[in-house]
Undergrad: 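Once you've had a glance at the structure underneath, I'll fire off some questions.
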Amino acid sequence: MQTPNTKPNKRRFKMPSAFTILFLIIGLVAILTWIIPAGAYSTDKAGNIIAHTYKLVTANPQGIWDIFMAPVYGMVGNDKTEGAISISLFILVIGGFLGVVNRTKALDDGIGAVVRKYKGKEKALIPVLMFLFALGGSTYGMAEETIAFYPLLIPVMIGVGFDSLVAVAIVLVGSQVGCLASTVNPFATGVASQTLDVSMGQGLFPRLILLVIVVLISIWYVYRYASKIEKDPSKSLVFSQRDEDLKRFAIDSDADNVKMSGRQKGVLWLFGATFVIMIVGLVPWASINTGWTFFESATKWLSGIPVLGNLLGSDMVPLGDWYFSEITMLFLLMAVVIMFVYKMKETDFINAFIGGMADFLSVAIIVAVARGIQVVMNDGMITDTVLHWGEMGLKGLSESVFIIITYIFYIPMSFLIPSTSGLASATMGIIGPMGKFAGVGGDVVITAYQAASGWVNLITPTSGVVMGALAIAHVNISTWWKWIAKLMVILFIVTCVYLGVLAIL
């Protein structure tokens with residue numbers, strides 16, 4: 001006879017959500033407003049801080065009312081802090097846009113079409129697919145959307161003599177090195193740029209170069225491993241479960257019968273065109289070259305055409321001068337265009353758009369909660385004091401040393417706050433101005449923050465994307481860490497060197 005187990009089950013520690021962490025930080029910062037001296041810098045007409053003008057001011061400690069008002073002001077703004085409403089709305093609209101695109105299954109079937117095209121040449125799929133996933137990560141922060149591709153790729157890669165690690169790496173490494181070198185990723189580049197009040201186009205070309213570098217390194221790393229186990233399957237880190245994997249993952253024979261429709265191809269073209277237009281609209285052409293005023297001239301010409309100018313809208317903003325309002329409008333417009341091209345029913349469109357917005361609601365809200373940290377600091381008059389301490393501590397540091405320290409700082413912060421948008425809203429208001437004291441531009445600080453976040457997202461066990469991918473592949477996370485360790489070291493060193501060079505250019 002067994003005696004009943006009277007010992008209470010041990011409760012395992014579970015990492016609190018980003019919302020809880022950020023709210024705790026708001027409370028902690030409110031306490032600090034009672035301890036840290038209040039201070040302020042003088043500013044110029046444009047509102048930029050003037051170095052070496054710090055002075056003590058009357059304290060304004062924050063209480064319980066202020067703590068709970070912080071997320072509210074974080075969204076709508078107040079006289080000291082700009083609200084996150086523009087970026088939150090953009091996140092919701094792009095969520096709706098992606099919801100409409102996903103309803104057409106154009107992306108899923110598009111990847112499937114690429115896989116079928118390279119049947120018999122599966123190793124050639126590695127650079128092609130990794131580039132496509134990196135493009136998705138760099139432009140719109142592709143992450144959770146990748147989960148659907150693992151069941152498709154894992155059987156294919158195992159069936160041709162590779163292993164499940166190769167399939168996971170193609171999708172996970174591809175998309176996350178894209179996030180590491182985000183170009184116009186709204187959830188990283190967008191939030192950080194809005195926080196620092198700089199254009200998303202600023203620093204675009206250096207980020208494109210970084211994207212090419214890290215993607216090529218990653219492709220080489222995955223391709224090299226795939227070639228090694230193709231020659232000798234026993235070299236696979238998951239060779240012990242190969243027989244199980246062969247039974248577990250059966251290639252869907254119906255997958256070959258799925259073909260893209262003409263409407264889906266049209267959706268893919270519109271999807272790509274949307275991001276091209278966004279990039280062109282955000283790049284400050286006139287500031288790069290004063291003679292590049294073709295978009296301004298074209299917009300004036302269109303606006304001046306009788307009837308057509310009024311029909312298009314007399315308040316059109318030329319490409320190159322776009323910001324969050326304009327790109328939000330772009331994604332809303334293109335979602336409607338896709339509805340007509342795909343001949344989607346109005347009810348299906350609304351359900352898909354609202355459903356897509358719902359998927360990104362937590363992201364939109366977390367931006368406001370994170371901005372609440374800055375609200376409490378600004379209202380408590382301690383932001384400038386922290387900046388002053390940073391100004392004193394940065395004396396004697398070169399631009400390269402500062403940006404590498406910033407990159408390293410964001411690595412543990414990315415573990416603490418897994419949300420890229422939340423991390424940017426919570427910290428960029430402090431780190432960005434510190435960069436100015438060190439002679440480092442805001443766009444370089446943004447690049448360092450994105451690089452750290454993307455680097456962490458390759459391995460963090462707090463990421464649903466990482467754990468979900470490994471669960472589908474039946475790969476233990478310790479095996480994944482062992483496989484990716486050398487790549488992580490290479491990416492870390494390359495990024496540090498690149499940032500160090502970029503900071504002094």
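Computed from a predicted model, the values in this text were never measured in an experiment.
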Undergrad: Run the side chain to side chain contact (heavy atoms under 4.5 Å, CB included) check on V341 and L270 step by step: do they pass?
TA: CA-CA 9 Å; V341 169; L270 288 169; 3.6 Å; yes

Undergrad: Between Q264 and Y342, is there a side-chain heavy-atom distance shorter than 4.5 Å?
TA: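 Contact flag for Y342/Q264 side chains = yes.
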
Undergrad: Are the side chain of W481 and the backbone of I459 linked by a donor-acceptor contact shorter than 3.5 Å?
TA: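 Confirmed, W481 side chain pairs with I459 backbone.
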
Undergrad: Which is it for Q450 and T189 under the side chain to side chain donor-acceptor pair (under 3.5 Å) test, yes or no, and what are the steps along the way?
TA: CA-CA 7 Å; Q450 293 178 156; T189 318; 2.3 Å; yes

Undergrad: Would you say the side chain of P433 lies within less than 4.5 Å of the side chain of L196, judging by non-hydrogen atoms?
TA: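 Yes; the side chains approach each other to less than 4.5 Å.
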
Undergrad: How close do A192 and Y449 get, counting heavy atoms only, and between which atoms?
TA: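 Closest pair (atom of A192, atom of Y449, distance): CB-CE2, 3.8 Å.
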
Undergrad: What is the distance from atom OG1 of T383 to atom CD1 of I373, rounded to the nearest 0.5 Å?
TA: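 Separation between the atoms: 11.0 Å.
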
Undergrad: Restricting to non-hydrogen atoms, name the atom on R371 and the atom on Q194 that form the minimum distance, rounded to 0.1 Å.
TA: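 Looking at all heavy atoms of both residues, the shortest contact is NH2-OE1, 2.7 Å.
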
Undergrad: Does the side chain of S182 come under 3.5 Å of the side chain of S138 through a donor N or O and an acceptor N or O?
TA: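 No.
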
Undergrad: May I have the step-by-step check of side chain to side chain contact (heavy atoms under 4.5 Å, CB included) for M377 and I430, ending in yes or no?
TA: CA-CA 10 Å; M377 291 187 69; I430 290 292; 3.7 Å; yes

Undergrad: For the pair Q202 and R207, evaluate side chain to side chain donor-acceptor pair (under 3.5 Å) and give the outcome as yes or no after the intermediate values.
TA: CA-CA 10 Å; Q202 193 173 329; R207 289 195 288 267; over 6 Å; no

Undergrad: Is it the case that the side chain of D163 and the backbone of V166 share a donor-acceptor pair, with hydrogens and angles ignored and the cut-off at 3.5 Å?
TA: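 Yes, the answer is positive, given that a donor and an acceptor are paired below the 3.5 Å cut-off.
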
Undergrad: Backbone N or O of A188 within a donor-acceptor pair of the T420 side chain at under 3.5 Å?
TA: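 Checked: no pair found.
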
Undergrad: Which atom pair, heavy atoms only, marks the closest approach of V376 to A70?
TA: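 What the structure gives for the nearest pair is CG2-CB, 3.6 Å.
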
Undergrad: Check the angle between the aromatic planes of F294 and W292 and answer parallel, tilted or perpendicular using the 30° and 60° thresholds.
TA: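 Tilted.
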
Undergrad: Shortest non-hydrogen contact from L319 to F295?
TA: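 For L319 and F295, the tightest heavy-atom pair comes out as O-CB, 3.3 Å.
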
Undergrad: Is there a donor-acceptor pair under 3.5 Å between the side chain of S88 and the backbone N or O of A364?
TA: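 Checked: pair present.
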
Undergrad: Using distance alone, with no hydrogens and no angle criterion, decide if N78 and D379 have a side-chain donor and acceptor under 3.5 Å apart.
TA: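 Checked: N78/D379 side chains pair up, N/O donor to acceptor below 3.5 Å.
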
Undergrad: Please check this pair: side chain of T195 against backbone of V191, looking for a donor-acceptor N/O pair closer than 3.5 Å.
TA: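 A pair under 3.5 Å: yes.
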
Undergrad: Looking only at heavy atoms, which two atoms of A473 and S164 are closest? And how far apart?
TA: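 Distance-wise, the nearest heavy atoms are O-OG, 3.9 Å.
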
Undergrad: Got I209 and Y498 here, is their nearest side-chain heavy-atom distance under 4.5 Å?
TA: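 They are in contact (side-chain heavy atoms under 4.5 Å apart), so the answer is yes.
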
Undergrad: V466 and N457: side chain to side chain contact (heavy atoms under 4.5 Å, CB included), yes or no, with the steps?
TA: CA-CA 8 Å; V466 172; N457 285 342; 5.8 Å; no

Undergrad: Measure the spacing between CG of L180 and OG of S218 and express it to the nearest 0.5 Å.
TA: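 Spacing of CG (L180) from OG (S218) equals 8.0 Å.
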
Undergrad: NZ of K105: more than 12 outside heavy atoms within 6.0 angstrom?
TA: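 At most 12 heavy atoms, drawn from other residues, nucleotides or ligands, come within 6.0 Å of this atom.
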
Undergrad: Looking at CG of D443 and CG of L502, how far apart are the two atoms once the value is rounded to the nearest 0.5 Å?
TA: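 The CG atom of D443 sits 7.0 Å away from the CG atom of L502.
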
Undergrad: Given the rule in the side chain to side chain contact (heavy atoms under 4.5 Å, CB included) test, do L332 and F353 qualify, once you have shown the distances and angles that lead to the verdict?
TA: CA-CA 10 Å; L332 178 60; F353 195 87; 3.9 Å; yes

Undergrad: Does S193 reach the main-chain N or O of G190 with its side chain, forming a donor-acceptor pair under 3.5 Å?
TA: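 No; judged by distance alone, with no hydrogens or angles, the pair does not exist.
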
Undergrad: To the nearest 0.5 Å, what is the distance between CG on L165 and CD1 on I158?
TA: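 Separation between the atoms: 9.5 Å.
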
Undergrad: So F271 and F97, would you call those rings parallel, tilted or perpendicular, with 30° and 60° as cut-offs?
TA: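 Geometry flag for F97 against F271: parallel rings.
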
Undergrad: Atom CD1 of residue position I64 - does it have more than 12 heavy atoms of other residues, nucleotides or ligands inside 6.0 Å?
TA: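 Count not over threshold, so no.
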
Undergrad: Taking the side chain as everything from C-beta on, heavy atoms only, tell me whether F133 gets closer than 4.5 Å to L172.
TA: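 No - every pair of side-chain heavy atoms lies 4.5 Å or more apart.
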
Undergrad: Output yes when a side-chain donor or acceptor of W322 lies under 3.5 Å from a complementary backbone atom of V317, and no otherwise.
TA: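 Yes, the answer is positive, given that a donor and an acceptor are paired below the 3.5 Å cut-off.
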
Undergrad: Do L423 and S414 have side chains that approach each other closer than 4.5 Å (heavy atoms only, starting at C-beta)?
TA: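 In short, these two side chains touch, coming nearer than 4.5 Å.
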
Undergrad: Compare all side-chain heavy atoms of M278 with those of T274 and state whether any distance is below 4.5 angstrom.
TA: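 A side-chain contact under 4.5 Å is absent here.
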
Undergrad: Measure from the side-chain N and O atoms of W301 to the backbone N and O of E296, and report whether any donor-acceptor pair falls under 3.5 Å.
TA: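 Checked: no pair found.
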
Undergrad: Looking at F331 versus F90, is the centre-to-centre ring distance below 6.0 Å?
TA: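 Yes, the ring centres sit under 6.0 Å apart.
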
Undergrad: Determine whether a donor-acceptor pair (N or O, by modelled atom type, separation under 3.5 Å) exists between the side chain of D348 and the backbone of M344.
TA: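 Between the backbone of M344 and the side chain of D348 there is no qualifying donor-acceptor contact (under 3.5 Å).
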
Undergrad: Quick check for you: to the nearest 0.5 Å, what is the distance between L210 atom CG and T495 atom OG1?
TA: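 Answer for the CG-OG1 pair, L210 versus T495, is 5.5 Å.
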
Undergrad: Decide yes or no for M130 and V215: does some side-chain heavy atom of the first lie under 4.5 Å from some side-chain heavy atom of the second?
TA: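 No, their side chains stay 4.5 Å or more apart.
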
Undergrad: Testing the basics here: between F23 and P71, what is the closest heavy-atom pair and its distance to 0.1 Å?
TA: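 In this case the closest contact between F23 and P71 is CE1-CG, 3.8 Å.
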
Undergrad: In Å and rounded to the nearest 0.5 Å, what is the OG1 to CD1 distance from T406 to I431?
TA: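 T406 atom OG1 to I431 atom CD1 measures 6.0 Å (nearest 0.5 Å).
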
Undergrad: Are more than 12 heavy atoms from other residues, nucleotides or ligands located less than 6.0 Å from atom OH of Y221?
TA: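 Buried by this count: over 12 neighbours within 6.0 Å.
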
Undergrad: Does a side-chain heavy-atom distance below 4.5 Å link W483 with V168?
TA: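 A side-chain contact under 4.5 Å is absent here.
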
Undergrad: Quick check against the 3.5 Å criterion: does T33 have a side-chain atom that pairs as donor or acceptor with the backbone of Q62?
TA: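 Side chain of T33 to backbone of Q62, a donor-acceptor pair under 3.5 Å: yes, one is there.
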
Undergrad: With side chain to side chain donor-acceptor pair (under 3.5 Å) as the criterion, how do T427 and Y410 come out once you've worked through the C-alpha distance, each side chain's angles and the decisive distance to 0.1 Å?
TA: CA-CA 9 Å; T427 62; Y410 270 114; 2.7 Å; yes

